[in-house]
Structure formats: structure tokens, C-alpha cells
Amino acid sequence: MNKNIVWITGASQGIGRALAWAMAQQGMQVIASARSRENLDKLVEESEQLPGDIEALPLDVTVSQATNQAVEQIIENHG
């Protein structure tokens with residue numbers, strides 16, 4: 001079964017974190033990005049029992065080259 005895939009930036013706290021959690025609760029594959037690897041890793045760990053999956057992809061979206069690389073990585077890993 002293929003899961004829906006969503007990419008959420010700003011996912012380490014606040015609305016982004018809540019959205020990542022809600023999407024994983026619905027069974028989606030969530031790519032969660034933010035600058036704080038520590039907060040992303042905590043989110044991934046806390047979400048292990050959810051029907052969907054959350055994958056951490058640390059990223060500072062103000063760095064265009066890093067953002068482009070993240071897009072390429074997501075496409076390569078998830079189609």
C-alpha cells in the first residue's frame with residue numbers, strides 16, 4: 001500500500017509540528033523539515049506508534065542550495 005507523502009517545513013515546533021503529527025495520525029508519510037535536528041528527532045521518536053511515519057530532514061529553507069538538495073533527496077527516496 002502506498003502512503004500519501006507530505007513535506008512540511010517548520011515542523012520542529014508550533015503549527016508545523018502539530019500538522020506533521022496530524023498527518024502521520026492519518027497514516028501519511030511525513031517528511032518533516034526544520035533547522036533543529038534535535039526537535040525533529042524528538043518528533044520522530046514520539047510519533048513511532050502513529051499509523052503513518054515521520055522522517056526528519058533537517059533544513060534551513062533560507063539556504064536555496066540546501067532546499068534544492070532536499071527536494072532532490074525527497075524525489076530520489078520517495079518518487
Side-chain angles (χ1 to χ4, degrees):
M1 176 173 86
N2 289 337
K3 292 183 180 176
N4 290 324
I5 300 170
V6 296
W7 181 23
I8 300 173
T9 60
S12 66
Q13 60 185 355
I15 294 170
R17 187 181 201 288
L19 185 58
W21 188 271
M23 295 291 151
Q25 273 187 314
Q26 294 178 26
M28 295 183 182
Q29 170 69 42
V30 178
I31 313 301
S33 290
R35 289 176 293 183
S36 173
R37 174 177 274 289
E38 181 180 329
N39 288 351
L40 289 174
D41 289 344
K42 188 175 180 181
L43 173 62
V44 169
E45 182 180 321
E46 292 172 354
S47 68
E48 289 178 353
Q49 301 303 317
L50 297 177
D53 298 307
I54 298 179
E55 173 186 330
L57 181 59
L59 172 67
D60 181 346
V61 297
T62 65
V63 180
S64 61
Q65 183 178 3
T67 304
N68 291 337
Q69 289 173 342
V71 170
E72 290 175 13
Q73 181 179 341
I74 291 169
I75 291 170
E76 183 177 313
N77 293 342
H78 301 283

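Numbers for residues simply follow the sequence, beginning at 1.
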Report task. State which residues pass salt bridge (charged side-chain N to carboxylate O under 4.0 Å, His left out) with E46; sequence neighbours excluded, sorted by chain then number. Result -> R17

Query - Single-linkage hydrophobic cluster V61~L40, side-chain heavy atoms < 4.5 angstrom - result: no

Query raised in the report: Among all residues two or more places apart in sequence or in another chain, which pass the salt bridge (charged side-chain N to carboxylate O under 4.0 Å, His left out) test with R35?
Result: none

Query - Sole candidate of I5, V6, N4 that passes side chain to side chain contact (heavy atoms under 4.5 Å, CB included) when paired with Q29 - result: I5

Report summary line: Closest non-hydrogen contact found for A20 with I54 is O-CD1, 3.9 Å

Requested in this report: Following the transitive rule for hydrophobic clusters with a side-chain heavy-atom cut-off under 4.5 Å over Ile, Leu, Val, Met, Phe, Trp and Tyr, establish whether I75 and L59 coincide in one cluster.
Outcome: yes

Query raised in the report: Roughly how far, to the nearest 0.5 Å, is CG of N68 from CD of E72?
Result: 6.5 Å

Report summary line: For T62, the side-chain hydrogen bond (donor to acceptor under 3.5 Å, both in side chains) test, sequence neighbours excluded, returns D60

Query - Gap separating the CG atom of L19 from the CD1 atom of I8, nearest 0.5 angstrom - result: 4.0 Å

Report summary line: One should read off an interatomic distance between D53 CG and M28 CE, to the nearest 0.5 angstrom, of 13.0 Å

Query raised in the report: Looking at A24 and P51, what are the two nearest heavy atoms and their distance?
Result: O-CD, 3.7 Å

Query raised in the report: Does E38 CD have over 12 foreign heavy atoms under 6.0 Å away?
Result: no

Query raised in the report: Are any side-chain N or O atoms of S33 and backbone N or O atoms of L57, one a donor and one an acceptor, separated by less than 3.5 Å?
Result: yes

